[in-house]
Amino acid sequence: MSNVVVVGTQWGDEGKGKITDYLAQEAEVVVRYQGGNNAGHTIVFNGETYALHLLPSGVLSKNKVNIMANGMVINLKALVEEIEGLKSRGIDNINLKISNRAHIILPFHIELDGAYEDLAGKKKIGTTKKGIGPTYTDKHFRCGIRMGDLLDLDYLKERIENIVRIKKISEKVEISAQKIYNEVVQFSDIVKNMICDTSLLLNEALENGKKVLFEGAQGIMLCIDHGTYPFVTSSSPTAAAVPLYTGVAPAYINNVLGITKAYTTRVGEGAFPTEFEDETAKTIREVGHEYGTTTKRPRRIGWLDTVVLKYSKRVSGINGLSIMLLDVLTGIKTLKICTAYKLDGEIINTLPSIVDHLELVEPIYEELPGWDEDITNVKNFDQLPQNAQDYLKKIEELTKIKIKIFSVGPDREQTVVMEKIL
Ligand code: GDP
Ligand code: IMO
Ligand code: MG
């Protein structure tokens with residue numbers, strides 16, 4: 001296969017960064033296709049830990065083209081800080097290309113994100129407050145500012161004056177065209193040589209048989225269309241969104257790797273059927289360092305939910321799984337896997353569209369015995385304890401998706417590939 005989409009199958013933080021970095025060693029082009037610095041993708045190798053928020057996870061591998069595609073929303077200050085941060089650690093020459101059609105997060109978007117959350121009080125979404133929702137809103141309202149606008153400062157000024165006019169009618173925010181212009185152009189010298197038509201570049205790469213890796217952010221349960229609305233992000237992480245968010249033909253997208261934690265986590269508010277909070281959950285949180293990469297909030301913990309995985313498979317065409325953080329389950333006596341839900345006395349196998357109904361579902365569990373052996377140095381499937389093998393086989397049986405990779409620690413080396421991806 002000459003390309004693959006890496007997509008989170010749960011509520012984000014499944015380990016997409018780790019796997020994208022791992023697969024990037026084989027790829028020639030790595031593309032982040034949506035979201036912004038609400039994402040936090042962690043990569044560990046050579047004893048160093050990197051947390052990327054905006055840059056594609058190919059930046060730590062040599063000689064890759066790294067693309068930030070049109071589906072992204074970009075905070076310029078955060079981007080420049082991320083680029084400088086890598087430079088200070090000896091990583092430059094990241095060969096970054098930024099779509100001229102990607103949208104820019106403006107300071108008032110961030111302010112509004114916080115203000116909307118405060119206004120919502122108890123009903124808040126629990127966003128990352130990075131301005132993601134307001135920026136995608138303005139994109140769809142057709143008043144957004146795009147990266148390519150930086151290449152024509154007169155046009156940029158016009159666009160900023162337009163958005164300020166609109167915001168003055170509809171919002172009570174303090175807003176000045178000159179301030180926004182200054183804020184945006186101060187980064188122009190650093191980024192302007194990177195801005196181009198990345199769709200053109202990508203199509204050329206694909207036509208020439210180059211290996212392309214598409215890196216999603218968030219997870220399908222946070223998808224604006226298919227997620228647990230309204231407790232979702234404002235873009236779609238699904239593989240279906242890749243053609244739109246990158247400007248390539250849908251026919252190219254047929255290899256989709258679903259990144260899946262061996263259990264489930266969620267940050268922010270919203271229904272979470274398999275959530276539990278007891279000593280085992282606390283252990284998982286501590287052993288798995290389940291605290292947000294971006295916001296540092298403790299992540300909510302739940303058992304693996306195959307209703308969610310089957311749903312993600314259906315809406316995103318997943319044909320392989322990468323099971324992450326398997327090592328975190330070591331030492332747990334009994335493991336539970338959710339196989340279906342019960343709602344109003346009826347068994348259901350999918351997610352209801354109304355989030356209040358999802359709050360009411362009772363998960364039906366199958367229990368499996370755990371294992372005590374340290375698996376962090378395991379190099380192949382046969383080296384896993386029998387109970388860990390059975391746990392993986394059960395996931396395959398319930399989801400009917402082949403497990404192609406499993407991961408037994410955060411390091412690049414702690415990755416077991418059972419079927420070649422690229
Ligand atoms: P992403 O947003 O999907 O890229 O995931 P995050 O980086 O936000 O969260 C995943 C966390 O799990 C990070 O701290 C990773 O370093 C860590 N991680 C990834 N794979 C494994 C694994 O197999 N075992 C353990 N123990 N940690 C892992
Ligand atoms: P990665 O790519 C986990 C969640 C927020 C909140 C909801 C909306 O690291 O997996 P937003 O700021 O996007 O408007 O917040 O989505 N969220 C994430 N949760 N991982 C992420 O990214 C997330 N990005 C957004 O916590 O519930
Ligand atoms: Mg993350």
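Just follow the structure's listing: the first ligand is 1, and inside any ligand the first atom is 1. Quick note: numbers below take in every heavy atom, side chains included, and nothing from hydrogens, waters or symmetry partners. Owing to the predicted nature of the structure, the values given are computational and were not obtained by experimental measurement. Along the sequence shown, residues carry numbers from 1.
- Ring orientation note: the planes of W11 and F272 are tilted relative to one another, at an angle of 30° to 60°.
- At a heavy-atom cutoff of 4.0 Å, ligand 1 is contacted by the side chain of K18 but not by its backbone.
- Geometrically, ligand 1 and V287 share no nitrogen or oxygen pair separated by less than 3.5 Å.
- Within the structure, the closest approach of K16 to ligand 2 falls below 4.0 Å when heavy atoms are considered.
- Geometrically, K336 engages Y365 in a cation-pi contact, judged by NZ or CZ lying under 6.0 Å from the ring centre and within 45° of the ring axis.
- Of all protein heavy atoms, the one closest to atom 13 (O) of ligand 2 is T233 OG1, 2.6 Å.
- Ion pairing of D113 with K130 is absent here, as no side-chain N (NZ or NE/NH1/NH2) approaches a carboxylate O to less than 4.0 Å.
- Closest heavy-atom approach to atom 12 (O) of ligand 2 among the candidates I132, T128, N37, D13: T128.
- Of the candidates Q10, E14, Q34, K16, Q218 forms a side chain to side chain contact (heavy atoms under 4.5 Å, CB included) with just one, namely Q34.
- The shortest N or O to N or O distance between N38 and ligand 2 is below 3.5 Å.
- By the criterion of a heavy-atom distance under 4.0 Å, the side chain of R299, and not its backbone, is placed next to ligand 1.
- Taking a cutoff of 4.0 Å between a charged side-chain nitrogen and a carboxylate oxygen, R299 and E275 do not qualify as a salt bridge.
- Two residues are said to be in side-chain contact when any heavy atoms from C-beta on lie closer than 4.5 Å; I259 and V6 meet this criterion.
- Salt bridge annotation for K124-E117: absent, with no cationic side-chain nitrogen under 4.0 angstrom from a carboxylate oxygen.
- For the pair M324 and ligand 1, a heavy-atom separation below 4.0 Å is found.
- At least one heavy atom of V232 sits under 4.0 Å from some atom of ligand 2.
- A salt bridge is absent between K282 and E286; no separation between the charged side-chain nitrogens and carboxylate oxygens falls under 4.0 Å.
- Counting protein heavy atoms only, atom 23 (C) of ligand 2 is closest to Q218 CG, 3.6 Å.
- Contacts with ligand 1 closer than 4.0 Å are made by side-chain heavy atoms of T293 only, the backbone lying farther away.
- A heavy-atom separation below 4.0 Å is not found between F231 and ligand 2.
- Note: F406 and F381 have perpendicular aromatic rings, judged against thresholds of 30 and 60 degrees for the angle between ring planes.
- Short contacts between ligand 2 and L222, defined as distances under 4.0 Å to a heavy atom of the residue, involve ligand atoms 4 (C), 16 (O), 17 (N), 18 (C), 19 (N).
- Taking a 4.0 Å cut-off on heavy atoms, K130 fails to register as neighbouring ligand 2.
- At least one N/O-N/O distance between L325 and ligand 1 falls below 3.5 Å.
- Looking only at protein heavy atoms, the nearest one to atom 15 (O) of ligand 2 is T127 CA, 3.3 Å.
- Under 4.0 angstrom from ligand 2, the non-hydrogen atoms of R297 all belong to its side chain.
- Of the possible donor and acceptor atoms, none in the side chain of K18 sits under 3.5 Å from a partner among the backbone N and O of T42.
- Not a single N or O atom of L326, backbone or side chain, sits closer than 3.5 Å to an N or O atom of ligand 1.
- Remark: the backbone N or O of R146 is not paired with any side-chain donor or acceptor of R159 at under 3.5 angstrom.
- At a 4.0 Å cut-off, at least one heavy atom of G40 sits close enough to ligand 2 to count as contact.
- When the heavy atoms of G292, G268, G126 are ranked by distance to atom 5 (C) of ligand 2, first place goes to G126.
- For ligand 2, the atoms lying closer than 4.0 Å to a non-hydrogen atom of A217 are 2 (O).
- Under a 4.0 Å criterion applied to the non-hydrogen atoms of G409, ligand 1 contributes the atoms 20 (N), 21 (C), 22 (C), 23 (O), 24 (N), 25 (C).
- One of the N, O or S atoms belonging to G40 lies under 2.8 Å away from the Mg ion (ligand 3).
- The backbone N or O of L335 sits nowhere less than 3.5 Å from a side-chain atom of E367 that would complete a donor-acceptor pair.
- When each of T376, V287, V378, D374 is checked for a side chain to side chain contact (heavy atoms under 4.5 Å, CB included) with D327, only T376 meets the rule.
- Atoms of ligand 2 found under 4.0 Å from any heavy atom of A39 (numbered from 1 in listed order, with element): 1 (P), 2 (O), 9 (O), 22 (O).
- A heavy-atom separation below 4.0 Å is not found between A39 and ligand 1.
- Contacts between V408 and ligand 1 below 4.0 angstrom, taking non-hydrogen atoms only, involve the backbone exclusively.
- Taking every non-hydrogen atom of H41 and a distance limit under 4.0 Å, the qualifying atoms of ligand 1 come out as 1 (P), 2 (O), 4 (O), 7 (O).
- Close approach of ligand 1 to S407 (heavy-atom distance below 4.0 Å) involves ligand atoms 20 (N), 21 (C), 22 (C), 23 (O).
- Close approach of ligand 2 to W11 (heavy-atom distance below 4.0 Å) involves ligand atoms 3 (C), 19 (N).
- Residue E269 has no N or O atom closer than 3.5 Å to an N or O atom of ligand 2.
- Numbered from 1 in the order shown, with element, the atoms of ligand 1 that lie under 4.0 Å from a heavy atom of V328 read 26 (N).
- Distances between N or O atoms of V267 and those of ligand 2 include at least one value under 3.5 Å.
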